[in-house]
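Here the structure comes first, spelled out in structure tokens, and everything after it is commentary.
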Number of protein chains: 2
Amino acid sequence: MKIASEKTIERLSLYRRLLRVAKGAGQMSVYSHDLAEMVRGTAAQVRRDLMEIGCAGNSKKGYDVDNLIDAISEFLDSDDVTPVALVGVGNLGRALLQFFESHHPKLKIVAVFDNDPEKSGRVIHGCRCYGMSEMPVVVAGKKITVAVLAVPVGAAQNAAKQLEEAGVRGILNFAPEPLRVGPSVAVENMDMTMALEKVAYMARQNNSKENGAK
Amino acid sequence: MKIASEKTIERLSLYRRLLRVAKGAGQMSVYSHDLAEMVRGTAAQVRRDLMEIGCAGNSKKGYDVDNLIDAISEFLDSDDVTPVALVGVGNLGRALLQFFESHHPKLKIVAVFDNDPEKSGRVIHGCRCYGMSEMPVVVAGKKITVAVLAVPVGAAQNAAKQLEEAGVRGILNFAPEPLRVGPSVAVENMDMTMALEKVAYMARQNNSKENGAK
DNA sequence: AAATAACCGTGATTCTTTTCACGTGAGATA
DNA sequence: TATCTCACGTGAAAAGAATCACGGTTATTT
Ligand SMILES: NC(=O)c1ccc[n+]([C@@H]2O[C@H](COP(=O)([O-])OP(=O)(O)OC[C@H]3O[C@@H](n4cnc5c(N)ncnc54)[C@H](O)[C@@H]3O)[C@@H](O)[C@H]2O)c1
Ligand SMILES: NC(=O)c1ccc[n+]([C@@H]2O[C@H](COP(=O)([O-])OP(=O)(O)OC[C@H]3O[C@@H](n4cnc5c(N)ncnc54)[C@H](O)[C@@H]3O)[C@@H](O)[C@H]2O)c1
């Protein structure tokens, strides 16, 4: 399968979600400009993204919603459910566990890890919690390749290392700290502190634009 | 003050955080390549970013850590503490509330809103919870311009509208749904579903790269 | 059946962001 | 003091992403 740019992948994920709600509302087909409007982008870009995954519409009815969803799914998803590990079951970890429990058909959290001995062995939201030392065998046993990392800052780098060694190839990192891992591990950072600082900055720009300051 | 690209702003936020830990470890100065290594970028880019905010180092000792932190802070932060609102105090909202309570000197959540009458009037993590109808007066009264949005999908667009009307100029949105707001409101999406799909995709790429499939 | 209109597919273009690479200057070395 | 080294500052080149714009196709209208 061809490879697409990260930006395109992000947008495809978005398109699919919006297409699903459109489908739920009974819509059978969409135009590129409809999709564009939904994601606040341009029609040309939508068409380009869809072209990347070799997806054709026709000129009078646009794209068939079902087709599109299937095409995007074939591109983004693996054929079977992808097992995911969660590391760190604190406030955020628990929220995430519950959130992903329901929201995704193809991504399933199948194991959680925590170094708190209180938690080891317990079942949280239907997931057995393992100690960190059990990671290699559990990860290998369940063929886990993707992990969500929600441990405190100081512990993130180390946990990432352990995950890498256990065979994980993609980490969604919530700790506000860049991870050092080998080139065969993809890391995506969800840095909320950064995000909030950014909106605060931009809000201030907007504000002073309004209030006179040229 | 000059305007910088969003990417630059993101990196500045990251630099500052890493500089603070370096400072905590007693380091007095850094070279551009040190910073670059920390953020997994290039030295040239670090220098360019710092140039943007008019920040000079000298050739033998690099950049002074204290100076840099101050320069970035002057650029990113407002002079006084920026008051922030949180809308939606569910699982995620509570975690965020607790998280930001401690972690940031210049951004402070000063009010939370929820439409659950159970929560109205209660104090959660030191924050008074208001009903949605009280938003206009509270936001105006506390001069809030930035909000964190953590309500369920169906409610996000509406809440965003209310925030906009109340005077908010920047929204950090956790609902997996693009918001339609006017051009004077900056929106930053924290779309975890998208992020997880993305790492899963990339992990799969990495995996098949390793296992033969050219 | 010809004309019209709307929208897709995509080469070419423009705009943005990143990287290169080299002149400069400050301290170390001899 | 002269030279050497190393990192900064930055114009120029390269790479990457978004937009433009137009030919082609398909349904509808006259
Ligand atoms: N809470 C939030 O809303 C929020 C927001 C943004 C970022 N974060 C980040 O997410 C991470 C987790 O936040 P949280 O609020 O859930 O923290 P938390 O303290 O509530 O939970 C951390 C969990 O990790 C476990 N843990 C600690 N050290 C560990 C280790 N070495 N190995 C394995 N597990 C370990 C703890 O037992 C605990 O269960 C932190 O890095 C935090 O900065 C949290
Ligand atoms: N929980 C997670 O880890 C997680 C992860 C990613 C994204 N999200 C998103 O964040 C949002 C919140 O998630 P959550 O898990 O905290 O949900 P939740 O159901 O636990 O909390 C939602 C809160 O919003 C309040 N609310 C509902 N309708 C409202 C309205 N119209 N106006 C004001 N408040 C209203 C509810 O009373 C509740 O307190 C959702 O959009 C979810 O998709 C959550």
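Note that the coordinates shown come from a computational prediction; the quantities given were computed from them, not determined experimentally. What you see below is based on every heavy atom in this structure, not just the backbone, and it leaves out hydrogens, waters and symmetry mates. Each chain gets a letter, A, B and so on, in the order the sequences are listed, and its residues count up from 1.
Residue B/T8 is classed as having no contact, given no heavy-atom separation below 4.0 Å to the nucleic acid. The residue A/A56 sits close only to the backbone: its heavy atoms come under 4.0 Å of sugar-phosphate atoms, none of a base.
For B/N206 and A/S184, the side-chain atoms include no donor-acceptor pair closer than 3.5 Å. Side chains of B/N173 and B/E188: no donor on one and acceptor on the other come within 3.5 Å.
The A/R47 side chain lies nearest to C/dG9 when the options are D/dG9, C/dT19, C/dG9. The nucleotide whose nearest atom lies closest to any side-chain atom of B/R48 is, among D/dC8, D/dA12, D/dG9, D/dA12. Residue B/S5 places its side chain closer to C/dT17 than to any other of C/dG9, D/dA17, C/dT17. You'll find that the side chain of B/R11 is closest to C/dT18, out of C/dT18, D/dC8, C/dC8.
As rounded to whole Å, 14 Å separates atom P of D/dA17 from atom CG of A/L12. Rounded to whole Å, the distance from NZ on B/K7 to P on D/dA15 is 18 Å. The CE-P distance, from A/M51 to D/dA17, rounds to 14 Å in whole Å. Between B/Y31 atom OH and C/dG27 atom C1' the separation is 10 Å, expressed in whole Å. Here C/dA6 presents its C1' atom at 13 Å from OH of A/Y63, a figure rounded to the nearest Å. The nearest whole Å value for the distance from the CG atom in A/D64 to the P atom in C/dC8 is 13 Å. For the pair B/D49 CG and D/dT10 P, the computed distance is 14 Å after rounding to whole Å. Rounded to whole Å, the distance from CG on B/L68 to P on D/dA7 is 16 Å.
Between A/A44 and A/E6, it is A/E6 whose nearest contact on DNA chain D lies nearer the 5' terminus.
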Stepwise side-chain contact (heavy atoms from CB on, under 4.5 Å) check, A/L96 with A/F174: CA-CA 11 Å; A/L96 290 169; A/F174 284 87; 3.7 Å; yes
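Contact between the side-chain N/O atoms of A/T42 and the OP1/OP2 oxygens of D/dT19 is found at a separation under 4.0 Å. Listed pair A/S32 / C/dC7 fails the phosphate criterion, with no side-chain N or O lying under 4.0 Å from OP1 or OP2.
The stretch residues 16-25 of chain A participates, sequence neighbours left out, in these side-chain hydrogen bond (donor to acceptor under 3.5 Å, both in side chains) pairs: A/R16-A/S73, A/R16-A/D77, A/R16-B/E197, A/R17-B/D191, A/K23-A/D66.
Checked for salt-bridge contact, A/R180 and B/E37 meet the test: a charged N lies under 4.0 Å from a carboxylate O.
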Heavy-atom protein contacts under 4.0 Å, nucleotides 24-30 of chain D, coded B base, S sugar-phosphate only, - none: -BSS---
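The shortest side-chain heavy-atom distance between A/Y15 and A/L12 falls under the 4.5 Å cut-off.
Counting heavy atoms of neighbouring residues, nucleotides and ligands inside a 6.0 Å radius, atom NZ of B/K106 exceeds 12 of them.
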